Amino acid sequence: MEDLCKSSMRFFSDQHLCFADIIPPSEVRARIEVAVLNFLRILTSPSPAISDLPLINRSSSNRKVSQGLLTEVSWIFLSDSFCTRSMMRANAAKAFIRVWKVMEMCFRILVQEKRVTQRELFYKLLCDSPDYFTSQLQVNKTVQDVVALLRCSRYSLGIMASSRGLVAGRLLLQEPNQEVVDCSACGSSGYAISGDLNLLEKLILKTDARYIIVVEKHAIFQRLAEDRIFNQIPSILITAKGYPDIATSFTCAESIFASLLIGLNLNCEVQCRFLLQRLSRAFPDLPILALVDWNPAGLAILCTFKFGSIGMGLEAYRYACNVRWLGLRGDDLQLIPEQSMVPLKQKDLQIATSLMSSEILQENYREQLAVMVQLGQRVEIEALYFHGYGYLGKYIAKKIVQADYI
């Protein structure tokens, strides 16, 4: 375990990028076994003790920013600062036990050569250990604790993403030993992105698209797919269907990248971000453009795709892509009738404050956010339907042709 604590990648001369490995099940099992043996060794030594669990600190104070010297992509990552889970602290004892419970469950899953979603894992733990697991939030946090302890990805632990992301447009993809799927022929529902990250990595991808458009909202994705905008503007559409239930469990924390995803099911967008990053690697010349609501939450979603999220722990840096902001933006307000503008809520202002406090937010995004707060208004993409249901495609096409994105 000591070697695990020291394993980090030299990133700059004065800091380390700590990361989660993607490793085979046999190595994950070996790491769990080492953790157990070290715990038992100390427990049965001449001076027995219950050893603390050393975890990479996932708080915003341990967040570092790469500004990408040789690339346009910037991202956030965790440095090699540690925290612990201790059995000896009353307020941390249950969290300590949860880590061992989740490791035990992951070990069983890997032995059985199975994969589960975090939701499935929650229900299994709820039944097996009801005294320690009462909410999905506890499971999500504990999974990240295990990732931070073992330095391996959630997928390596046998935990896969739920299949909720969708893709449509000018993309041919083929899974190993399967038929080719034409994503332009999948209708308005699009093609469901697999939660199996290993499968996504093995996809054979072909496209004649010139743009990738990340769409915040499922309904907007369906409208664009139904209108076949990808025939007008050669493009690939991709959506994670917004982000997971922010309205139900948003908590304002020290930083937007820590707070946005606290208590949320991160899995339901991981596969979308993974596929986006995979497309970015396969087709590096395709600009990635984001279509989001003009409000702080929309900008936060864009930033999560662009920079990653500390909520992803040691996996944050893997999913960063050079996403540009297509719309809605402040310049588009002239297209919006006044009655379609909605006052910002307290929750919006909390998100805006968190974004403003982040050093990674670029200046032109900061200016857009300041306008939102100054006007005290928010606008949803659907407000463009004032000009007719077909107007959204024209709006996107005009902005792309004019390279009107930031």
Side-chain angles (χ1 to χ4, degrees), residues 1-9 16 18-59 61-62 78-116 118 120-159 262 310 312-315:
M1 185 59 66
E2 187 173 318
D3 290 337
L4 292 180
C5 293
K6 293 179 179 177
S7 68
S8 56
M9 182 189 298
H16 292 76
C18 289
F19 63 101
D21 297 320
I22 298 176
I23 57 177
S26 59
E27 187 171 341
V28 179
R29 294 198 305 269
R31 293 187 184 189
I32 294 174
E33 289 167 351
V34 168
V36 173
L37 290 173
N38 282 344
F39 179 82
L40 293 175
R41 177 177 55 82
I42 296 172
L43 187 63
T44 58
S45 66
S47 301
I50 297 178
S51 56
D52 292 344
L53 296 173
L55 313 178
I56 294 295
N57 183 0
R58 302 196 306 277
S59 71
S61 62
N62 192 35
L78 294 173
S79 187
D80 58 353
S81 171
F82 287 85
C83 64
T84 60
R85 291 288 179 266
S86 174
M87 182 71 173
M88 309 313 294
R89 294 197 303 269
N91 63 342
K94 280 197 171 183
F96 176 89
I97 295 172
R98 286 187 197 112
V99 173
W100 289 105
K101 291 283 187 182
V102 169
M103 277 202 292
E104 176 192 11
M105 194 64 67
C106 289
F107 191 90
R108 289 183 187 176
I109 292 167
L110 294 172
V111 167
Q112 295 171 15
E113 298 183 347
K114 300 288 187 181
R115 294 199 178 276
V116 301
Q118 278 190 192
E120 291 171 327
L121 183 62
F122 162 62
Y123 278 109
K124 180 62 175 171
L125 290 166
L126 181 64
C127 294
D128 289 2
S129 306
D131 293 337
Y132 298 100
F133 295 96
T134 58
S135 70
Q136 183 73 57
L137 170 60
Q138 290 172 340
V139 174
N140 294 351
K141 285 186 173 181
T142 307
V143 167
Q144 286 297 338
D145 281 350
V146 174
V147 168
L149 176 68
L150 300 179
R151 304 290 189 88
C152 64
S153 68
R154 284 177 300 165
Y155 186 78
S156 299
L157 290 170
I159 301 171
I262 285 178
I310 287 302
M312 288 293 296
L314 275 67
E315 301 176 84

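Just so it is clear, the structure is predicted and the values come from calculations on it, not from any experiment.
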I need the [X] [atom1] to [Y] [atom2] distance, nearest 0.5 Å.
X: Asp128; Y: Phe133; atom1: CG; atom2: CZ; result: 10.0 Å
X: Asp131; Y: Leu126; atom1: CG; atom2: CG; result: 10.5 Å
X: Leu121; Y: Cys106; atom1: CG; atom2: SG; result: 6.0 Å
X: Glu120; Y: Ile159; atom1: CD; atom2: CD1; result: 11.0 Å
X: Asp145; Y: Leu150; atom1: CG; atom2: CG; result: 10.5 Å
X: Ser156; Y: Ile23; atom1: OG; atom2: CD1; result: 5.5 Å

**Asked** Looking just at side-chain N and O atoms, do Thr142 and Gln138 make a donor-acceptor pair shorter than 3.5 Å?
**Response** no
For [X] against [Y], the heavy-atom pair lying closest together:
X: Arg115; Y: Tyr155; answer: NH1-O, 2.6 Å
X: Ile22; Y: Ser153; answer: CG1-OG, 3.9 Å
X: Pro130; Y: Thr134; answer: O-CG2, 3.7 Å
X: Phe107; Y: Glu33; answer: CZ-OE2, 3.5 Å

**Message:** Is it the case that atom OH in Tyr132 sees more than 12 heavy atoms from other parts of the structure closer than 6.0 Å?
**Reply:** no
**Asked** Can you tell me if Lys114 uses its side chain to pair, donor with acceptor, with the backbone of Arg108 under 3.5 Å?
**Response** no
**Asked** Under 3.5 Å, is there a donor-acceptor pair between the side chain of Gln118 and the main chain of Gln136?
**Response**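 Such a contact is absent between Gln118 side chain and Gln136 backbone.
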**Prompt:** Should Val36 and Trp100 count as side-chain neighbours, where that means a heavy-atom distance under 4.5 Å?
**Reply:**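 Yes, their side chains come closer than 4.5 Å.
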**Note, Leu125 side chain near Met105 side chain (heavy atom, < 4.5 Å)** =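 With C-beta onward as the side chain, the pair touches.
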**Item:** side chain to side chain contact (heavy atoms under 4.5 Å, CB included) between Phe122 and Asn140, intermediate numbers included
**Value:** CA-CA 9 Å; Phe122 162 62; Asn140 294 351; over 6 Å; no
**Message:** Among Leu110, Ile109, Leu157, exactly one meets side-chain contact (heavy atoms from CB on, under 4.5 Å) together with Pro25. Which residue is that?
**Reply:**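 Between Pro25 and the candidates, side-chain contact (heavy atoms from CB on, under 4.5 Å) is satisfied uniquely by Leu110.
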**Asked** Does Glu27 pair with Arg31 as a salt bridge, N-O distance under 4.0 Å?
**Response** yes
